[in-house]
Protein chains: 2
Amino acid sequence: MADLAQLAGVSKITVSRALGDSPLVNPETRERIQALAREHGYKLNISARNLRLRRSHTVAVIVEMKPSTDRTMFDPYPLVLLGGISQELTAAGYSVLLTTRQGATAAAVQAADGLILLGQGVHQDAVRRFDKLRLPMVVWGARSQSDAHVVVGSDNRLGGALVARHFIALGRRRPVFIGNPSHPEIFERLSGFVDALAVHGIKPLLMRRDDFTLDSGMDAVRSLHARKVGFDAIFACNDLLAMGAIRATLDLGRSVPADVSVVGYDDMPLGASFLPPLSSVRQDWQEGGMLLARKVLALIEGESANSESLAVSLIVRST
Amino acid sequence: MADLAQLAGVSKITVSRALGDSPLVNPETRERIQALAREHGYKLNISARNLRLRRSHTVAVIVEMKPSTDRTMFDPYPLVLLGGISQELTAAGYSVLLTTRQGATAAAVQAADGLILLGQGVHQDAVRRFDKLRLPMVVWGARSQSDAHVVVGSDNRLGGALVARHFIALGRRRPVFIGNPSHPEIFERLSGFVDALAVHGIKPLLMRRDDFTLDSGMDAVRSLHARKVGFDAIFACNDLLAMGAIRATLDLGRSVPADVSVVGYDDMPLGASFLPPLSSVRQDWQEGGMLLARKVLALIEGESANSESLAVSLIVRST
DNA sequence: AAACGAAATGTTATCGATATCTTGATACCG
DNA sequence: CGGTATCAAGATATCGATAACATTTCGTTT
């Protein structure tokens, strides 16, 4: 910047102002300096600026990246969530620092201005860990009574309720829920489902499955059959489980949706092409990411931010 | 750090050395200072360190995050790739700065010590753009004759050849390739496929499809049928296309694999659960990510790095 | 006992930007 | 015409760490 100042015949500070579009410099001078900067391929030293401004203009996003069968945060979705986050942060002049839970102790993370945590983990364990960094933090997941931090997520209770009402409307009386309610989000889905059914005096059966896979879904239905449990509707807490459940149901010689209604969650693209096309609850991941970003930015600016739930919608196809 | 120095009764530089585990300080002094730092929750100011060291210890990873049907870099895989990258970089004390192609002009990106580009884009367009940043860069994709930069990717030619040999072994004579060879990686798969078939005097038919979706795969087969083109084997350049092709083939009353053999690419988890279980070419994304990271790190250290291809394997299931 | 050398620590300068406080020049007012 | 706004630009200090060079301390050598 000093060199550029000499070239332009002004002082460093004027260059700094000109490049920052400050109204304190003469528009002509500003133009001239900016042209000179472009011409010489000048690039601001971000580290110096960060040091001086005491801001890194960086938000750390903590995500689990190892594929694993017992997680919701997998599949293309987190990537879309990341896309939303990235879009919004970039627009505000911030960058995304991506970390795993393990790597979150890395130096650069403590330099971040804020934190976005994707997935609370079973029993909020992840949340507690990162609370200690004392950074503005926003979490993707489900609200819990006890937390002090901001949570953004889709309205899982509503998702569960929508499915329940759908089943009721279809006259189903013996619904089953498949999934792992240890995840706060899944728990909310289950609880919305249970409550909405309770209104009609129906109590669903919980088939707890830890893996979010197709095989796990098949296994759940086979196990129901083996135990001679009757059921006429299945709410699976993700689409893979739902597809597995459908396949196993068909294998057992029962019809979907004539004998058994099935609804999944996430509305993954493949679901629409499944045979039969899968009904599912859709969440808007992109919007969720953008909302997460806006909330951290607000916190960073010292403003307050509230937890928020995004509406979900039930996509009814053929199951 | 000055405060800490005063507390310990030493100078700033001694604190700096102690925290950096420098052998220049007395082990006892080092212990004492480190204990003091922990006790007071001292955190290094990364921006200051970056400024002084002229290193940000950050690698920018450029990835496309918007879901789109015409891309290979989608589905869970880039996330696994990112996982590999992240793991390796974190171990080396580096962080991952995640950006989209649009956001890659952002300030923080130019502060990065290196660049990893996931996906070359059609006709290398993305590569050329980022070459201009003059940063150590490593690209995930396919090697081309003309590029000066380091490319890491799986051995797509080998993938194509494996499938070709598999078809030959099965006695297939009229193979079809489905995909979009404008992507360098897909082009390599096709070219490996074509070359290996040529040895046996067979020339495959190219069904160009731009979307990497199940519907697109179905459409391809229907179109073949409508044009009364005979075929007894299909190599689809990803698993979704393959599944679509299988479904359409079955719909037309032909058997898979009795009448038509089908092989996909990527070996996505769902493929194993597909009916019939899908044969596919598997690439090791995690390892690929780690390799990418190691290469940029080498370049950053001023060492040289060569382009490299990772072996792939053909997983034969029932198609 | 003087001289030397290694170990431990300190002094100073520096990385590159920006905030704050000043200064200088010009315009405008009654 | 003196005095005050207004605008443009400069001087200096500072953000927090570390590299290079300087110094002190002590033990060892001859």
Trainee: Rounded to whole Å, please give me the gap between CG in B/L19 and C1' in D/dA17.
Mentor: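 Value for this atom pair: 11 Å.
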
Trainee: In whole Å, I'd like the distance from the NZ atom of B/K12 to the C1' atom of D/dA19.
Mentor: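 For the pair B/K12 NZ and D/dA19 C1', the rounded distance is 13 Å.
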
Trainee: How long is the line joining CG of A/L24 and P of C/dT18, in whole Å?
Mentor: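 Taking CG of A/L24 and P of C/dT18, I get 13 Å after rounding.
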
Trainee: Mind calculating the distance between CZ (B/R17) and P (D/dC21) to the nearest angstrom?
Mentor: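 To the nearest whole Å, that distance equals 13 Å.
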
Trainee: What's the closest nucleotide to the side chain of B/N26 if the choices are D/dG10, D/dT18, C/dT9?
Mentor: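 The answer is C/dT9.
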
Trainee: Output the single nucleotide from C/dT18, C/dG10, D/dT18 whose closest atom is nearest the side chain of B/S16.
Mentor: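 Closest nucleotide among those given: D/dT18.
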
Trainee: Identify whether the distance between the nearest side-chain nitrogen and carboxylate oxygen of A/R143 and A/E185 falls below 4.0 Å.
Mentor: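 So A/R143 does not pair with A/E185 through a salt bridge.
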
Trainee: Look at atom CZ of A/F130 and say whether more than 12 heavy atoms of other residues, nucleotides or ligands are closer to it than 6.0 Å.
Mentor: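 More than 12 within 6.0 Å, yes.
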
Trainee: Checking side-chain contact (heavy atoms from CB on, under 4.5 Å) against B/H149, which of B/L299, B/V139, B/L117 comes through?
Mentor: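 By the side-chain contact (heavy atoms from CB on, under 4.5 Å) criterion, B/H149 pairs with just one of B/L299, B/V139, B/L117: B/V139.
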
Trainee: Look only at the side chain of A/D266 and the backbone of A/M268, and say whether a donor-acceptor pair between them is shorter than 3.5 Å.
Mentor: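 No, A/D266 side chain to A/M268 backbone: no donor-acceptor pair under 3.5 Å.
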
Trainee: Please give, in whole Å, the distance from C/dG16 P to B/L53 CG?
Mentor: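 Result: 12 Å.
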
Trainee: Expressed as a whole number of angstroms, how long is the span from A/L51:CG to D/dT18:C1'?
Mentor: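 Rounded to whole Å, this separation is 13 Å.
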
Trainee: Distance check needed: D/dA9 C1' versus A/E28 CD, whole Å only.
Mentor: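 To the nearest whole Å, that distance equals 15 Å.
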
Trainee: Between B/P23 and B/I13, name the one whose nearest nucleotide on DNA chain C is closer to the 5' end.
Mentor: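 Checking each residue's closest nucleotide, the 5'-ward one belongs to B/P23.
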
Trainee: Can you measure A/Q6 atom CD to C/dG16 atom P for me and round it to whole angstrom units?
Mentor: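 Between P of C/dG16 and CD of A/Q6: 15 Å.
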
Trainee: Please check the phosphate of C/dG16 (OP1 and OP2 only) for any side-chain N or O of B/R54 closer than 4.0 Å.
Mentor: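 For B/R54, the contact criterion (side-chain N or O under 4.0 Å from OP1 or OP2 of C/dG16) is met.
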
Trainee: Which nucleotide sits closest to the side chain of A/M1: C/dC21, C/dG10, C/dA17?
Mentor: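 From the listed options, C/dA17 comes nearest.
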
Trainee: Do A/D113 and A/L297 have side chains that get closer than 4.5 Å, going by heavy atoms?
Mentor: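 Heavy-atom side-chain distance check fails, nothing below 4.5 Å.
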
Trainee: Do the side chain of A/T58 and the main chain of A/A112 share a donor and acceptor less than 3.5 angstrom apart?
Mentor: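 Here the side-chain-to-backbone pair does not exist.
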
Trainee: Please name all residues satisfying ring pair (Phe, Tyr, Trp, His ring centres under 6.0 Å) with A/H57, sequence neighbours left out, ordered by chain then number.
Mentor: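 Per chain and number, A/H57 pairs via ring pair (Phe, Tyr, Trp, His ring centres under 6.0 Å) with A/Y94.
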
Trainee: Classify every nucleotide of nucleotides 23-28 of chain C by which part a protein heavy atom approaches to under 4.0 Å, writing B for the base, S for the sugar-phosphate alone and - for neither, in 5'-to-3' order.
Mentor: ------

Trainee: Salt bridge or not between A/K295 and A/E308? Use side-chain N to carboxylate O under 4.0 Å.
Mentor: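 A salt bridge is present here (some side-chain N lies under 4.0 Å from a carboxylate O).
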
Trainee: Please tell me which of the listed nucleotides, D/dA13, C/dC15, D/dA9, lies nearest to the side chain of B/R52?
Mentor: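 My answer, after comparing the listed nucleotides, is C/dC15.
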
Trainee: Going by an N to O cut-off under 4.0 Å, is there a salt bridge joining A/R55 and A/E301?
Mentor: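 Yes, A/R55 and A/E301 are salt-bridged.
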
Trainee: When you check the side-chain N and O atoms of B/Q283 and B/N156, is any donor under 3.5 Å from an acceptor?
Mentor: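 Note: B/Q283 and B/N156 side chains miss the donor-acceptor criterion.
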
Trainee: Please pick, from D/dT18, C/dG10, C/dG16, the nucleotide with the shortest atom-to-atom distance to any side-chain atom of B/T14.
Mentor: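 Nearest to the side-chain atoms of B/T14, counting from C-beta on, is C/dG10.
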
Trainee: I want to verify a distance call: between D/dA8, D/dG10, D/dT18, whose nearest atom is closest to the A/S11 side chain?
Mentor: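 Output: D/dG10.
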
Trainee: Quick check on contacts: within residues 32-50 of chain A, what sits under 4.0 Å from DNA chain D by heavy-atom distance?
Mentor: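 Close to the strand, none.
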
